[in-house]
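Please read all numbers here as calculations on a predicted model, not as lab measurements. In the text below, chain A, chain B and the rest are named by the order of the sequence lines, each starting its count at 1.
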2 protein chains.
Amino acid sequence: MKLFHARGYDAVGVAELSSELGIKPPSFYAAFGSKAGLFERALQRYAAGEGNVFAHAQATGGNVGAVLERTLLRAAHVYPRRDGAAGCLVLDGTRNSADPEASALSAAARKASCATIRDFVAAHAVVRAEEVADFVMIALLGMSAAARDGADETTLRTFAENAGRALRREFGLE
Amino acid sequence: MKLFHARGYDAVGVAELSSELGIKPPSFYAAFGSKAGLFERALQRYAAGEGNVFAHAQATGGNVGAVLERTLLRAAHVYPRRDGAAGCLVLDGTRNSADPEASALSAAARKASCATIRDFVAAHAVVRAEEVADFVMIALLGMSAAARDGADETTLRTFAENAGRALRREFGLE
DNA sequence: GAGGATGTTTAGTGAGCGCTACAAAAATAC
DNA sequence: GTATTTTTGTAGCGCTCACTAAACATCCTC
């Protein structure tokens with residue numbers, strides 16, 4: 001997961017993944033079936049942990065605007081480079097990848113994340129839920145890309161604060 | 001340029017680039033020196049043309065807020081997939097690339113773009129110019145990534161309108 | 001200890017990568 | 001019209017890719 005997160009799917013080879021796991025390629029394939037098989041499990045582990053910024057923000061409670069703003073602030077805290085891995089594995093792990101299987105897995109995870117946010121917004125009787133969810137998703141995509149380009153936490157937090165304020169004002173969220 | 005734009009730097013091979021140009025690899029290297037050499041020229045051509053959304057918006061004139069909002073709207077118009085190429089070549093062309101030379105070229109172009117926007121904002125006596133430029137850059141990064149993930153023009157334009165309004169209101173731009 | 005199932009290793013598959021030595025061909029110079 | 005330079009094509013360099021056949025080691029059962 002760390003290797004995929006740090007360098008993206010295509011830039012990490014099976015030989016390196018195997019040696020990092022302390023095994024040889026045949027054992028790798030016996031355990032995971034394929035490189036994409038391990039990537040799928042890495043995506044699940046990532047989405048179940050610190051990578052899921054929305055779930056983390058939602059757990060703290062509060063109104064829709066507060067949760068969404070905290071989602072962006074949480075991303076600003078998590079996305080900057082740590083241990084060589086910046087941004088979001090789900091959002092940027094397969095960007096420019098030539099592998100259709102890994103790309104499909106990643107796209108499905110992104111779609112699911114966006115749907116989760118949209119449903120949360122819609123469940124709180126907010127009009128234009130789709131628009132709000134898209135705003136958050138595109139903001140997260142931008143923050144993840146910026147982090148991968150080396151943006152620090154301060155830069156991301158400033159953006160998150162501005163975007164969060166904009167969210168509440170533009171869409172009248174309370 | 002089209003191939004790099006559509007699939008990213010690493011996913012396009014010299015053999016394919018050569019055959020698309022109607023030449024053989026030795027002629028390719030005689031003309032461009034290396035794969036990164038062609039990429040550098042592709043970046044320049046892209047930045048000098050339709051890819052430079054800020055220059056296009058600036059040319060129409062108006063106050064700072066209007067120019068920046070038009071930059072985002074222009075991106076919403078240009079970024080969706082056309083001829084298989086979506087998003088911005090400068091912003092996403094080398095994402096997850098394993099090639100340090102191409103990554104450095106791309107990073108320099110991004111840095112230059114950000115500096116151009118920051119200087120434009122600062123030249124109009126706007127406080128927090130850096131913050132404004134970062135907001136625009138991260139918004140563009142998000143729109144480029146979203147376009148690469150398949151977002152249509154309507155989705156991007158809606159985001160651009162919201163982000164543009166937010167820009168003017170949050171930073172008091174006129 | 002023998003036999004069988006399990007799992008790991010060695011060693012390599014064919015394919016593609018960026019890139020290039022070398023020779024054939026085309027263009028230029030005299 | 002021959003000689004020289006420049007350009008092009010053929011073929012393949014060493015390397016890495018995801019992936020695997022087959023030999024080897026390990027364990028449990030009897």
Side-chain angles (χ1 to χ4, degrees), chain A residues 1-46 84-85 87 89-90 92-110 148, chain B residues 1-46 84-85 89-90 92-109 148:
Chain A
M1 186 185 86
K2 281 184 184 175
L3 286 172
F4 283 141
H5 192 182
R7 305 216 301 273
Y9 183 80
D10 285 20
V12 183
V14 171
E16 188 176 4
L17 291 168
S18 298
S19 95
E20 191 74 18
L21 292 167
I23 58 178
K24 309 288 177 180
S27 300
F28 178 92
Y29 282 93
F32 307 110
S34 68
K35 183 185 173 186
L38 173 61
F39 182 66
E40 183 173 13
R41 295 182 56 167
L43 278 180
Q44 290 167 357
R45 189 183 200 89
Y46 183 80
L89 175 63
V90 172
D92 277 320
T94 60
R95 193 150 314 277
N96 288 336
S97 169
D99 186 304
E101 188 179 355
S103 298
L105 288 168
S106 209
R110 282 193 298 273
R148 295 210 140 218
Chain B
M1 186 185 87
K2 282 185 183 176
L3 285 172
F4 283 140
H5 192 182
R7 304 215 302 273
Y9 183 80
D10 284 19
V12 183
V14 171
E16 186 176 3
L17 291 167
S18 299
S19 94
E20 192 74 16
L21 293 167
I23 60 178
K24 307 288 177 180
S27 300
F28 177 93
Y29 282 92
F32 306 111
S34 68
K35 182 185 172 186
L38 173 61
F39 182 66
E40 182 172 13
R41 296 181 56 166
L43 278 180
Q44 290 167 356
R45 189 181 199 90
Y46 184 80
L89 175 63
V90 172
D92 277 321
T94 60
R95 195 153 307 280
N96 288 335
S97 170
D99 186 303
E101 188 178 356
S103 297
L105 288 168
S106 208
R148 294 208 141 218

Report all side-chain donor-acceptor pairs from residues 18-28 of chain A shorter than 3.5 Å, counting only partners two or more places apart or in another chain.
residue, atom, partner, partner atom, Å
A/Ser18, OG, A/Val14, O, 2.8
A/Ser19, OG, A/Glu16, O, 3.4

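- For A/Tyr9 and D/dA18, the OH to C1' distance is 9 Å, given to the nearest whole Å.
- In this structure, B/Leu17 atom CG and C/dG18 atom P are separated by 8 Å, rounded to whole Å.
- Annotation for A/Ala98 and A/Pro100: closest pair O-CD, 3.3 Å, computed over non-hydrogen atoms.
- When the side-chain nitrogen and oxygen atoms of A/Ser27 are compared with OP1 and OP2 of C/dT8, one or more of them lie within a distance under 4.0 Å.
- In this structure, of D/dC19, C/dT9, C/dC19, it is C/dC19 that holds the atom nearest to the side chain of B/Lys35.
- Residue A/Glu101 contributes atom CD, which lies 12 Å from atom C1' of D/dA18 at whole-angstrom precision.
- Between the CG atom of A/Leu3 and the P atom of D/dC17 there is a distance of 12 Å, rounded to whole Å.
- Of the candidates D/dT8, D/dC19, C/dT20, C/dT20 carries the atom nearest the B/Pro25 side chain, counting heavy atoms from C-beta on.
- Distance from the side chain of A/Tyr29 is smallest to D/dC19 among D/dC19, C/dT10, D/dT10.
- Here C/dG16 presents its P atom at 15 Å from CG of A/Asp99, a figure rounded to the nearest Å.
- Between the CG atom of B/Leu21 and the C1' atom of D/dG9 there is a distance of 16 Å, given to the nearest Å.
- Between the NZ atom of B/Lys24 and the C1' atom of C/dA24 there is a distance of 14 Å, rounded to whole Å.
- B/His5 places no side-chain N or O within 3.5 Å of a backbone atom of B/Gly84 that could act as its donor or acceptor partner.
- Where B/Ile23 and A/Ala11 each meet DNA chain D at their nearest nucleotide, the meeting point lying more 5' is that of B/Ile23.
- Of the possible polar contacts, none joining the A/Lys35 side chain to the A/Ala102 backbone as a donor-acceptor pair under 3.5 Å is found.
- Of the candidate nucleotides C/dT10, C/dT8, C/dT20, C/dT10 has the atom nearest to the side chain of A/Pro26.
- The distance between atom CZ of A/Phe39 and atom P of D/dA18, rounded to the nearest whole Å, is 13 Å.
- The main-chain N or O of A/Asn96 is never found under 3.5 Å from a side-chain atom of B/Tyr9 such that the two would form a donor-acceptor pair.
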